Every structure is written in C-alpha cells, then in structure tokens.
Amino acid sequence: MTLEEITDKLGLEVKSGQDKLDMEVRRGYVSDLMSDVIANTKEGDLWITLQVHINIVAVASMKGLSGIILINGRQPEAATLEKARTENVPIFVSAQPAFEVAGRLYQLGITGMDDA
Amino acid sequence: MTSMKRLTQIHKVKELVYELKTRDATVTDVLTMSPETMMSQVRPILRSRKITAAPVISNDELLGIVSVEDYINWLTEGVPDCPVSERMSQDLITMFEDEPIVNAIINFEKYRYYEFPVINRETGKLVGIITKFDVLVALLKALDIDYSKKEISEYTRTHFFHDVHADETTLVFRYHVPGNDIKAGGEASSRLKKNLGYLGIYPEIIRRAAIASYEAEMNLIIYGGGGEIVVTIDSRNIVIDVTDSGPGIPDIEQAMKPGFSTASDWVRELGFGAGMGLPNIQSCAEHFDIQSTVGKGTRLKITIPLEVT
C-alpha cells in the first residue's frame, strides 16, 4: 500500500514530503518515546506518535522511516515542519487518536510485525 | 556479468516501463497538416521530413492521420485531387501523455502501427507523437542515468580508503554539542550521517553510527550540560568518543539497565528519558566503554567495525 492510498483512505492531512507519496508501506509502529522508536523500528516503517517537536524528524530520517502520522489533530511545530521539508520526511496529521489510526492501518494490511 | 546480474537489469527495465510516462518518449516537434492540405501535396511534404505519416490538426485538435498508404490508395484509385480531410484515417488509436510507457509497448505489439498520436488528457489536444524508436531512446536514457548513479556510489564505497595515497588514513570529525537546547538535538549526528554517506560506507554501518551518536548527543544535551563528540574513521573502524564535564553517573551498572532513567518530567514529556539510550548505543557497538566520575564528567567510547558482520 502506498502512502498516497493511506492518505486517501484515512483522510490524512499531508504536511510535508508530498513527492514521496508513492512509497510503499508494509509495517507500522506506535510510540511516543524516541529511544524506543530508534530501537524497535525498521527502515520503511510508518510511525504513529503524539510528539510534534523537531526531534521526531531526526529520528525518522535516521531510521529511514517512510513517514510520521501525528494523532488527535496535533499540528507539527514550525521548526519541525521546516526540518521535515529539508530532510524530505513525510508528516501527516490525523484527527483521530492513535488506537483508531493503527486499527485502520491494520485493516488495510499494514502490520506491526513481519510475521503477523 | 553473471546471469543473476543480467536478471536484475531486466527487472530494472520492467520497473522503468511502468515508471516512465508516454510523455517522456513523446516527440513534440511534429510536422502536422491542416485539413485543407491537398492530397497531391502529401508526398512532397512527407518526403521533406523523411516520415511516413503526419497528424492532421485544426486548432491543436487532432482530426486524423494521413499516411503514405492513404496517398498510394488515392493514387491507385485515380480520383481527382481533394483535401486530406477526405482521405485521412480517422479511426485512430491515440495515447494519453500520462499513461505509462508499457501501454505504448503493448499498443505497438497489438496494432502494429509505427506511431501513435499523444493527447493531453485534460485539454484533448495533440501533444506530439510516439514511435518505437522514441521508446527505446527514453529507456536507454533512463537506464544510463540509473547506471551512472550506481557507478558513483559503488566507486566511493570500494575505493575511498584505498585511493588516498598513504599507508594509513584516518579521518577525524569533531562536533561541539551545546548543553541547553533539547530541540537542537540530532544536529551533530545528522551531519555525521551525511559525511559517512559521502565516504560511501555501507548503509547498515552508517545506521549504527548514526543511532549511537544520536543517543550520545541527546545524553550530552539532557544530562551532560553539553560536550564534545569526536568521530575517528580509518579503513577498519568508526570510533565515537563522547565527553562531557557534567555531573557524572553514580552507578553505571544501574544506568545501563533498560528502563532505568533519571530524566526530569519535562524531558520525559518530550519522549526522551525512556531509559533506553545507553542500551541502544551498546547494541550498535562492538566495543563499548564508559567511564564516569561524579562531579567531573563522563566519557563514552564505542567502536563500530566497517566490515558487515
């Protein structure tokens, strides 16, 4: 499933990384702890979080994540967005809470583990 | 070249025929005729450009195609001269410029025509024509670009340390990390990551070095009151040496336990202080050494081999 299809199906607001929407996504991860994301994500994962500060971009870029979904309608800080544009990291905003976003992604075939 | 390599090249072409659009192989400088052009003029016009057919258009709108075949048919019937609009083929197979090139290849196979008019989907107007030759050229160009990119990255990966004229080569990158601003965190490690990329170091190794330096950098900012990261690279190892003059760690064994943290509430609220920083660093390193004196500071030194294990 591509980021673009996910954007459509979940009604996400695209804040950055518009030219990367054709990327394929197979796995996702939900966490608000930076070191946990660093330790437990794999390249290409889609990350769901409530954190909106600039470090989420550093973490996503370092791990080569496919994108970040911010939940509960939380908007990225201005500095976060600027960094996301320079690093070309896609950031999305969902009006829904994390449970709902993860559940809908799972229904679309995005899983949390390779052998799920 | 091994057969496996040949196969990946073919896969690349398969990928490209879906990636490239018809517009990438469309010739826009096309000789066209107006519907009023007389049939007797067709042969000299086509001959002047050494082509076998031309679109007939009026206000950029495609009306039909007149070809050498239409001209010969008109000649053999021996009928009087007339505008091309009366003899042109109007039953046309056209392509949209945003269709993938694979559709053009399928159409060439299916209809056995030499060319197809290409239309803009929104305006319905003629953009140009596409021929087999143009498809071939577009594919070769795309492959060439792809190949030179690959060549450059392979070159740096295999040769950097060997090409420098010395018995031993050592590179040192030094980063000063200020202690106050948690939001500036990651700056040093992201700069380091770019450098390692320039050196053509294997992506998995770059990832390990970036993770270790990022966690160390955040430790300097959150706990150490700032400090210095010195990265030394030779043909065998990346050594990351991190020092601060902060409060020091009273119990290193405890600090190494996953989940143990002394972070303040506001730091935790930002998603740091999960008690995973040092364990994360350790998992990236082959050698991990941490020395700390309370009231004086902490020194962390890790080694990541350049060879993938």
Side-chain angles (χ1 to χ4, degrees), chain A residues 2 4-5 16 19-24 29-45 47-66 68-72 74-89 91 98, chain B residues 15 18-19 21 100 177 181-194 196-197 202-219 221-223 255-261 263 266-284:
Chain A
T2 64
E4 185 156 31
E5 290 169 279
S16 62
D19 58 331
K20 282 181 129 180
L21 295 185
D22 56 348
M23 247 171 103
E24 278 287 330
Y29 197 74
V30 189
S31 180
D32 302 322
L33 295 174
M34 302 300 126
S35 294
D36 175 47
V37 175
I38 289 170
N40 295 312
T41 54
K42 284 192 185 156
E43 193 172 352
D45 283 4
W47 174 22
I48 302 168
T49 185
L50 59 73
Q51 301 288 0
V52 293
H53 56 75
I54 189 167
N55 277 284
I56 58 175
V57 180
V59 170
S61 152
M62 189 166 58
K63 291 290 287 189
L65 304 183
S66 54
I68 309 170
I69 301 181
L70 307 179
I71 54 153
N72 289 339
R74 291 166 68 98
Q75 293 290 329
E77 290 173 5
T80 308
L81 205 52
E82 201 190 316
K83 180 100 173 159
R85 285 183 182 139
T86 47
E87 297 270 324
N88 206 10
V89 172
I91 292 185
Chain B
E15 202 180 301
Y18 287 95
E19 238 171 60
K21 302 294 180 221
V177 180
D181 190 5
I182 196 165
K183 303 213 163 152
E187 202 52 47
S189 46
S190 101
R191 285 160 73 200
L192 170 66
K193 191 184 172 193
K194 283 197 183 95
L196 299 180
Y202 194 71
E204 175 59 28
I205 303 300
I206 294 182
R207 209 166 293 133
R208 280 184 211 171
I211 289 171
S213 65
Y214 178 81
E215 292 282 11
E217 185 180 355
M218 293 318 295
N219 283 349
I221 294 170
I222 297 170
Y223 309 101
M256 290 303 300
K257 278 199 184 118
F260 176 82
S261 175
W266 73 271
V267 168
R268 285 175 201 253
E269 244 167 60
L270 289 174
F272 295 99
M276 294 174 68
L278 289 176
N280 270 358
I281 296 174
Q282 193 171 27
S283 70
C284 292

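Note on naming: letters A, B, ... go to the chains in the order of the sequence lines (proteins, then strands), and numbering restarts at 1 for each one. Just so it is clear, the structure is predicted and the values come from calculations on it, not from any experiment.
- Of the two parts of A/N55, the backbone and the side chain both hold a non-hydrogen atom closer than 4.5 Å to a non-hydrogen atom of chain B.
- Residue with the most contacts toward chain A among B/G185, B/S190, B/G186: B/G185 (heavy-atom pairs, distance under 4.5 Å).
- Heavy-atom neighbours of A/Q75 CD from other residues, nucleotides or ligands within 6.0 Å: above the threshold of 12.
- Counting heavy atoms of neighbouring residues, nucleotides and ligands inside a 6.0 Å radius, atom CZ of B/F260 exceeds 12 of them.
- The two atoms that bring A/H53 and B/L270 nearest to each other are NE2-O, 2.6 Å, heavy atoms only.
- One finds the CG atom of B/N219 at 8.0 Å from the OG atom of A/S35 (value rounded to the nearest 0.5 Å).
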Subject >> From CA spacing to verdict: side chain to side chain contact (heavy atoms under 4.5 Å, CB included), B/M276, A/L33 >> reply: CA-CA 9 Å; B/M276 294 174 68; A/L33 295 174; 5.5 Å; no
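- Here A/S61 contributes atom OG and B/Y214 contributes atom OH; the two are 10.5 Å apart, rounded to the nearest 0.5 Å.
- We find that A/K42 and B/E204 are not joined by a salt bridge, their nearest charged nitrogen and carboxylate oxygen being 4.0 Å or further apart.
- Contact annotation for B/E187: only side-chain heavy atoms (C-beta onward) come within less than 4.5 Å of a heavy atom of chain A.
- For the set A/M62, A/K63, A/M34, A/E87, the entry with the most heavy-atom pairs within less than 4.5 Å of chain B is A/M62.
- With a 4.5 Å cut-off on non-hydrogen atoms, A/I54 touches chain B through its side chain but not through its backbone.
- Of the listed residues (A/L50, A/D32, A/I38), the one with the most heavy-atom contacts under 4.5 Å to chain B is A/I38.
- Proximity of B/F272 to A/Q51: side-chain heavy atoms (C-beta onward) are nowhere separated by under 4.5 Å.
- Going from atom CG of A/D22 over to atom CD of B/E19 covers 8.5 Å, rounded to the nearest 0.5 Å.
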